Amino acid sequence: MSKEEGKYWLVRLLADAAITVAVVLILFRVLFNIVIIDGNSMLPTFRDGSIIITQCQFVDLERGDIVVCDTDGYDGAIVKRVIAVEGDTLDIDFDTGDVTLNGEVLDEPYIREATHQNMGTQFPLVVEEGHVFVMGDNRNNSLDSRSPDVGQIDQDDVRGKYLFSIVR
């Protein structure tokens with residue numbers, strides 16, 4: 001290979017690398033987000049330091065979805081599970097730990113332990129239009145919608161929806 005061909009090859013390689021990096025950065029700013037779990041409120045699903053990928057563009061939130069959202073009651077984003085969506089009636093019996101959604105006790109195999117921590121929200125409640133009610137899987141060690149400081153989450157404050165884990 002001549003000196004000129006070598007220079008051309010190097011310039012082409014650097015240009016291709018720059019384009020690849022730009023595309024990846026755009027994808028991870030517009031379509032996806034990398035989130036590092038801070039704390040143990042989602043045990044046993046995620047532990048402190050777990051790394052997850054979330055989808056930034058989504059159509060609907062459904063019960064059971066894991067979301068990253070902003071809230072006024074916490075400095076920074078929180079990662080929680082959607083328990084109820086707009087129009088749902090939610091009740092929690094803090095003595096038995098049962099969570100009841102629209103008259104049916106939820107089967108929650110993903111939680112660490114039953115829900116005994118009352119944080120001051122009055123139940124039963126109906127989830128407001130355009131909002132979701134979220135809770136951590138580690139119910140007795142989670143600041144979530146049960147707290148008036150967090151409350152129901154406006155769907156516009158949901159940053160992303162969980163897709164998969166890199167490190168669990």
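Every heavy atom of this structure was used, including side-chain atoms; hydrogens, water molecules and symmetry mates were not. Just so we're clear, the structure is a prediction, and the values are computed from it rather than from any experiment.
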Within one Ile-Leu-Val-Met-Phe-Trp-Tyr cluster: [X] and [Y], side-chain cutoff 4.5 Å:
X: Met119; Y: Ile92; result: no
X: Phe164; Y: Tyr110; result: no
X: Leu101; Y: Val82; result: no
X: Ile37; Y: Ile66; result: yes
X: Phe94; Y: Met135; result: yes

Do [X] and [Y] have side chains that approach each other closer than 4.5 Å (heavy atoms only, starting at C-beta)?
X: Phe133; Y: Leu125; answer: yes
X: Val134; Y: Val67; answer: yes
X: Val105; Y: Val99; answer: no
X: Leu90; Y: Val126; answer: no
X: Phe32; Y: Cys56; answer: no
X: Ile153; Y: Val150; answer: yes
X: Val11; Y: Trp9; answer: no
X: Glu62; Y: Val132; answer: no

Any donor and acceptor pair, going by atom type alone, linking the side chain of [X] with main-chain N or O of [Y] inside 3.5 Å?
X: Ser50; Y: Arg47; value: yes
X: Arg146; Y: Arg139; value: yes
X: Ser145; Y: Gly151; value: yes
X: Ser147; Y: Asp149; value: yes
X: Asp91; Y: Thr100; value: no
X: Asp137; Y: Leu43; value: no
X: Gln152; Y: Glu128; value: yes
X: Glu86; Y: Gly130; value: yes

>> Walk me through whether Arg159 and Cys69 qualify under side chain to side chain contact (heavy atoms under 4.5 Å, CB included).
In response: CA-CA 5 Å; Arg159 285 192 204 172; Cys69 45; over 6 Å; no
>> Minimum heavy-atom separation for Ala114 and Asn140, please, with both atom names.
In response: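 Where Ala114 meets Asn140 most closely, the heavy atoms are O-ND2, 2.9 Å.
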>> Take a 6.0 Å sphere around CG of Asp38 and say whether it holds more than 12 heavy atoms from other residues, nucleotides or ligands.
In response: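 Count not over threshold, so no.
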>> Is it true that, when you exclude Ile51 itself, more than 12 heavy atoms of the residues, nucleotides or ligands shown sit nearer than 6.0 Å to its CD1?
In response: yes
> Stepwise, does the side chain to side chain contact (heavy atoms under 4.5 Å, CB included) test hold for Asn102 with Arg63?
Replying inline: CA-CA 12 Å; Asn102 301 323; Arg63 294 175 207 98; 4.1 Å; yes
> So does Lys161 pair up with Asp65, basic N to acidic O under 4.0 Å?
Replying inline: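 Yes, charged N to carboxylate O under 4.0 Å.
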> Is Glu108 paired with Arg81 through a side-chain N to carboxylate O contact shorter than 4.0 Å?
Replying inline: no
> Where do Ile52 and Ile166 land on the side chain to side chain contact (heavy atoms under 4.5 Å, CB included) test, with the steps shown first?
Replying inline: CA-CA 6 Å; Ile52 64 173; Ile166 295 175; over 6 Å; no
> Is a side-chain donor-acceptor pair under 3.5 Å present for Ser41 with Asn138?
Replying inline: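 Checked: Asn138/Ser41 side chains show no N/O donor-acceptor pair below 3.5 Å.
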>> Quiz question: by atom type and distance under 3.5 Å, do the side chains of Asn40 and Asp48 form a donor-acceptor pair?
In response: no
>> The test is side chain to side chain contact (heavy atoms under 4.5 Å, CB included); show your working for Ile78 and Asp70 and say whether it passes.
In response: CA-CA 6 Å; Ile78 60 174; Asp70 293 320; over 6 Å; no
> How long is the span from the CG atom in Leu143 to the OG1 atom in Thr71, to the nearest 0.5 Å?
Replying inline: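 That separation rounds to 7.5 Å.
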